[in-house]
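Have a look at the structure below, then the notes.
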Amino acid sequence: MAIKVVVPASTSNLGAGFDTFGLALTLYNTFEVVEGNQFEVEIIGEGADRLSKGEGNLFLQAYRRTCQELGIPCKPIKVVQKNNVPLGRGLGSSATAILGGIIGATALGDVNLSTDEILKIAFSFERHPDNLVPALVGGFVTCAVDGHKVYFERIEFPKELQILVLIPEFEILTEEARKVLPREVSLKDAVFNIQRATLFISALVNRDFELLRVAVEDRLHQPFRGKLLKGFNSFKELAYSLGADAVFISGSGSTIGVFTRKNADQIGKTGVKLYGEMGIPAKYLVLEADEKGTRWSRA
Ligand code: HSE
């Protein structure tokens, strides 16, 4: 049997929603899986030169763990990973491999798992619901974690907003980007974030896009990570001067996310030029919200 699993990239945090908000994007990694005599991995595209093709391959790890959890035979497979999601840029590339492996195992094993059961396995790899949940279910989600349980709600993402991602050619490891964050925050800063995170949701629901600029400000991560992410503050200023509605660090960076109703290409080109002047290659993509999440089909 041969199957194909398609998993979207995702942007997370979106300003004040640190570890809470996530949005699936129309940029995908695909995993073509066929039963074979031995385990084999081929990687095409992003990370082909350095991602593990052996025991350390995240897709295979997730595939194996899922088979174990389900008590089904772990059939040897060949997987061809076609990666479009760049690594270490805050676009949820590892979440795609984890979900790909889990869904690959359930599809080949002819087992149906609920969303909660899939998330439970996924969470044993990565405790970041803000990438895993949108990549699994699609759309814009808010997440809350209670122990090992993830609660989430999905809301409609407004079609009026274009989603631009500016991707500079350097990586920021989430682990490193978490180390720069304060362990404790003041009540004042906690309130600052609660106010903006709730404003953000209300602004999306009511399509009050003028408010987004205020709503993506936060005091929990961007002020600290902005120092790691060269170019963020200058680009933010330029993007707003060109009419952007919201500018934020995507996940833990290095990608910068923009919501805009106008001048998307101009904003993207301006960002690429800005990084070029700093001697850093960069590219931009204009995307939409992915509404389907992870899906699979027989190949
Ligand atoms: N919410 C995480 C962080 C993103 O900002 O560290 C990684 O999924």
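First listed ligand is number 1; within each ligand, the first listed atom is number 1.
- Less than 4.0 angstrom separates some heavy atom of Phe18 from each of these atoms of ligand 1: 3 (C), 5 (O).
- Cation-pi geometry between Arg196 and Phe192 is met: under 6.0 angstrom from the ring centre, within 45 degrees of the axis.
- Under the 4.0 Å criterion applied to side-chain N and carboxylate O atoms, Lys120 and Glu117 are not assigned as salt-bridge partners.
- In this structure, Asp290 pairs ionically with Arg295, as a charged nitrogen and a carboxylate oxygen lie closer than 4.0 Å.
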For a quick test of your reading: what N or O donor-acceptor pairs under 3.5 Å do the side chains of residues 267-275 make, sequence neighbours left out?
{"unit_1": "Thr270", "atom_1": "OG1", "unit_2": "Gln266", "atom_2": "O", "d": "2.6"}
{"unit_1": "Lys273", "atom_1": "NZ", "unit_2": "Glu277", "atom_2": "OE2", "d": "3.4"}
{"unit_1": "Tyr275", "atom_1": "OH", "unit_2": "Lys230", "atom_2": "O", "d": "2.6"}

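- Applying the 4.0 Å criterion to heavy atoms of Thr174 picks out, from ligand 1, the atoms 6 (O), 7 (C).
- Closest heavy-atom approach to atom 4 (C) of ligand 1 within the set Pro129, Ser12, Ala95: this belongs to Ser12.
- Considering only non-hydrogen protein atoms, atom 7 (C) of ligand 1 sits nearest to Asn131 OD1, 3.5 Å.
- Proximity of Asp19 to ligand 1, defined as any heavy-atom pair under 4.0 Å, is shared by backbone and side chain alike.
- Each of the following atoms of ligand 1 lies closer than 4.0 Å to a heavy atom of Asp130: 1 (N), 2 (C), 4 (C), 8 (O).
- In terms of polar-atom proximity, defined here as any N/O pair under 3.5 Å, Asn13 does make such a contact with ligand 1.
- Note: the hydrophobic cluster containing Ile98 also contains Val111 (ILVMFWY, side chain heavy atoms under 4.5 Å, direct or indirect links).
- Under 4.0 Å from ligand 1, the heavy atoms of Arg178 that appear belong solely to its side chain.
- A donor atom on one side chain and an acceptor atom on the other are found under 3.5 Å apart for Glu126 and Ser94.
- Heavy atoms of Arg225 found under 4.0 angstrom from ligand 1 belong exclusively to the side chain.
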Validation: residues 243-256 side-chain donor-acceptor distances under 3.5 Å, sequence neighbours left out:
{"unit_1": "Asp245", "atom_1": "OD1", "unit_2": "Arg261", "atom_2": "NE", "d": "3.4"}
{"unit_1": "Asp245", "atom_1": "OD1", "unit_2": "Arg261", "atom_2": "NH2", "d": "2.7"}
{"unit_1": "Asp245", "atom_1": "OD2", "unit_2": "Arg261", "atom_2": "N", "d": "3.2"}
{"unit_1": "Asp245", "atom_1": "OD2", "unit_2": "Arg261", "atom_2": "NE", "d": "3.0"}
{"unit_1": "Ser250", "atom_1": "OG", "unit_2": "Thr11", "atom_2": "OG1", "d": "2.7"}
{"unit_1": "Ser250", "atom_1": "OG", "unit_2": "Gly90", "atom_2": "O", "d": "2.7"}
{"unit_1": "Ser252", "atom_1": "OG", "unit_2": "Thr174", "atom_2": "OG1", "d": "3.0"}
{"unit_1": "Ser254", "atom_1": "OG", "unit_2": "Phe170", "atom_2": "O", "d": "2.6"}
{"unit_1": "Thr255", "atom_1": "OG1", "unit_2": "Arg89", "atom_2": "O", "d": "2.9"}

